[in-house]
Every structure is written in structure tokens, then in C-alpha cells.
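Have a look at the structure below before the remarks.
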2 protein chains.
Amino acid sequence: MDMPIRTTDEVDLDRLNTALGFLVRLAQIKVYEHFFEECGERGLKPGEFSVLWVILHNPGIRQSVLGQRLMIKRAHMTKLIRALEDQGLVSRRIPDDDRRAVEITLTPSAVTMVQQAADWFFAYEGSIGSNLTAAERQQLTALLRKFIGLD
Amino acid sequence: MDMPIRTTDEVDLDRLNTALGFLVRLAQIKVYEHFFEECGERGLKPGEFSVLWVILHNPGIRQSVLGQRLMIKRAHMTKLIRALEDQGLVSRRIPDDDRRAVEITLTPSAVTMVQQAADWFFAYEGSIGSNLTAAERQQLTALLRKFIGLD
DNA sequence: GGGAGATTGTTTCTTTGTAAACAAATTTTG
DNA sequence: CAAAATTTGTTTACAAAGAAACAATCTCCC
């Protein structure tokens, strides 16, 4: 009778070892855990920051377009924007030429706040993948961009 | 007054373009969407399959070890295993040498089921990243493995 | 041996995100 | 032009996943 597995590195993943979807999921979880270790106390989550950052760089962007680019579903986007509005960070405007749509802008105070948050956010982003060499890191970034279709 | 953004590819992501954590998140969402397009009707989700697959290859594995390897939190693992048990796919055994732990095994019917599911699951896994060349795909896999610390 | 602390799993509560049904406005098409 | 189909955002209901508190067991150390 063989010994059952007791420790993590004994575990045999077999074909899962080279399954791209599986590896991406693990990478995503690792990134998230790493974020909350380092920036958990900052009060701004990765999703919130990226939404604010994109609005900063694309003032008046429509909710639907923002959602498409960040791959956030409409139903969820509504809640995110609503919460940001409640915090006084964004304002919504219904354009005349399409009264279904909503155009989103940062409030003046949010502009400075996001610019300051960018300091620690991108410092954190840079610290991800520190077990890779600079070349590997850049290669991984490029491959992910191509994989996602962001080129 | 400049025109607000109307279409997805006009959106300026600025520094987010090379932010590894952000790209990983997008990749993960893309994988998930792709999975449900192709395999949504199969009745077995990626998380469930990977749990069953790892139990198949590591019979008697402990719940905690399984969770560590797949990066699934204990609280969530309890629910997953419970659901699989309710479907008659796994059985739980409390070992004599540590009566806190739970050892998990596939039921005989689950063994054949998982082996069959592996056909379409890994076919799907192989279809991920079809916009990459074979070399790029392999490179991405290797980099992700190193990034995760799976070597 | 026995108490302090760690590990393992469970339960409960909350957060995050999705799905489906809906309403309003716009576009398409016959 | 008017009916049909589509787009956009919201609401409601639900599923997936994590956090914290807890109970049971085990380990360590005196």
C-alpha cells in the first residue's frame, strides 16, 4: 500500500503542468495575494485603480467602452461606477447624441488622488515577477499582450 | 473640446499596457470566457475538473495539500469537496494517524468519468492561445511556470 | 503528563462577479 | 415612416470565493 500524498511538492499535476488556462489562473491568484500583502492597507483595490486610471486617461469615456476594454461586465460596471460616484470620485453625464449612454469623468479631487495612487500602484506592479529576470519579465509581458489580443 | 472615446481600441491604457498583474487578470478572464463558449455545456467547470484530475493522480491526497497546490482556500475547498461528494464523485476518509485531516479519493465511477472528461478538457486547453505560434505558446507556458514558482 | 500554540477543517458572513429580465433609447429594415 | 431588432444601462437574484471565528486534534516543550 503506497503512502498517500502529504506535502505540496509531492503532488503530481500530470498534464495540468502544461495547461495554459490552469497556469494563468494560478498566476492570477498569486498576483492577487501578493497585492494584498503589499498594498492591502492602501484602500484601493486593483480593479478600482484600473478603472480610475483609464478614466483619467480617457475623460468622458462611456461606461460600455470602459467595460469592454477592462473586460468588466455591464452589470458589474454599474455597481463599480455607482460606488465610485458615492465616494465623490467620478461624475456621470448623459450625452445629447445618445441618451442611453453614460460618459464618465474624474472629479478634480480624484485626479490628484489617482495620480498619487499611481506611484505605489505601479511600484507594486513593477515588483511582480521578481523571480524572473528583466528579459523574461518583458518577454512574459509581450506574450501576454499578444495572447490577450492587445496589439 | 476634444471628442470623448467611443470605441474600444481608441482607449488609452497608458502605463497599464505593461502592467503584469493587469495583463494576467485580462488573460484569466479571456481564458474563462473562451472556456464557457466551448465547453459550457459539458457540465464540469475548470475548477472542478482540476480538483478531480489531481485527486485521480494523487489518491488519498489530503484536503489541505490539494488546496495548497491548486491555491484554493480551505473554506472554499470544504464546499467544493462537499459538492463533489454529494454527486458521488469523491469519498472522504479520516486517517488514523491524524484525525483532523481528510483523505480524498475518487469513486470508481468518477475515475472513468474524469478520464473521459480529460479528452475534451485537454483538447480545450490545447486550443487556448491559438493566436500564438507553437514556440510562443511553449515559451509562455514556461514563463508562467517560473513566475508561479512551479519548478 | 499537561498546558501553550499550531494545524485542519467547518461554519457563518461578506465581498465580488455573473446571469437573466427589464426599460429606455437608438438603429435597421421592410 | 413604422415595426423589429439592437444597444445601453439598471435591477434583482444568484453563484463563486474569501475572511474571520470556531472546534477538534495534534505538536512541542517544560
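Letters A, B, ... mirror the listed sequences (proteins, then strands); counts begin at 1. Quick caveat: nothing in here was measured; it's all calculated off a predicted structure.
- In the interface, the side chain of A:K79 is not paired with the base of C:dT15 through any donor and acceptor atom under 3.5 Å apart.
- Fit an axis to the five pairs at each end of the helix from C:dG1-D:dC30 to C:dG30-D:dC1 and the two axes sit 30° apart, to the nearest 10 degrees.
- Looking at heavy-atom distances under 4.0 Å, A:A101 makes contact with sugar-phosphate atoms alone, never a base.
- To the nearest 0.5 Å, the span separating CZ on B:R62 from OG1 on A:T8 amounts to 12.0 Å.
- When the P atom of D:dA17 is taken as reference, atom CD1 of B:I72 falls 8 Å away, rounded to whole Å.
- Here the nucleotide nearest the side chain of A:R100, chosen from C:dG9, D:dA20, D:dT8, is D:dT8.
- Rounded to a whole Å, the CZ atom of B:R93 is 13 Å from the P atom of C:dG9.
- Nearest to the side-chain atoms of B:R82 among the listed nucleotides C:dT10, D:dT10, D:dA16 stands C:dT10.
- In terms of position along DNA chain C, the nucleotide closest to A:K73 lies nearer the 5' end than the nucleotide closest to the other residue of the pair A:K73 and A:D98.
- In this entry the distance linking CZ of B:R74 with P of D:dA16 reads 21 Å, nearest Å.
- Computed from coordinates, the B:L70 CG to D:dA17 P distance equals 12 Å when rounded to whole Å.
- Counting heavy atoms from C-beta outward, A:V31 and A:Y124 have side chains that approach closer than 4.5 Å.
- Ranking C:dT10, C:dG17, C:dG9 by closeness to the B:R62 side chain, first place goes to C:dG9.
- With hydrogens and angles disregarded, a donor-acceptor distance shorter than 3.5 Å links the side chain of B:E125 to the backbone of A:L20.
- Taking every side-chain heavy atom of A:A75 into account, C:dA19 is the closest of D:dG18, C:dA19, C:dT11.
- Among D:dA17, C:dT10, C:dA20, the nucleotide with an atom closest to any side-chain atom of B:R92 is C:dT10.
- Judged by distance alone, the side chain of A:Q138 and the main-chain N or O of A:A135 form no donor-acceptor pair under 3.5 Å.
- When each of B:F36 and A:E48 is assigned the nucleotide of DNA chain C bearing its nearest heavy atom, the one mapping closer to the 5' terminus is A:E48.
- Using a 4.0 Å heavy-atom distance criterion, B:S64 is classed as a sugar-phosphate-only contact.
- In this structure, B:R99 atom CZ and D:dA24 atom P are separated by 12 Å, rounded to whole Å.
- For the pair B:F35 CZ and D:dA16 P, the interatomic distance rounds to 13 Å; values are reported in whole Å.
- When every heavy atom of B:M71 is checked against every heavy atom of A:R25, the shortest pair comes out as O-NH2, 4.4 Å.
- Between the C1' atom of C:dT14 and the NZ atom of A:K45 lies a distance of 11 Å, rounded to the nearest Å.
- If you take OG1 on A:T18 and CZ on B:R145, they are separated by 8.0 Å, rounding to the nearest 0.5 Å.
- In this structure a side-chain-to-backbone donor-acceptor pair under 3.5 Å is missing from B:D14 to B:L16.
- Taking atom CD of residue A:Q28 and atom P of nucleotide D:dG18, one finds them 10 Å apart after rounding to whole Å.
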- Message: As a quick check of understanding, evaluate ring pair (Phe, Tyr, Trp, His ring centres under 6.0 Å) for B:F49 and A:F22, giving each step before the final call.
- Response: CA-CA 11 Å; B:F49 176 82; A:F22 175 74; 9.9 Å; no
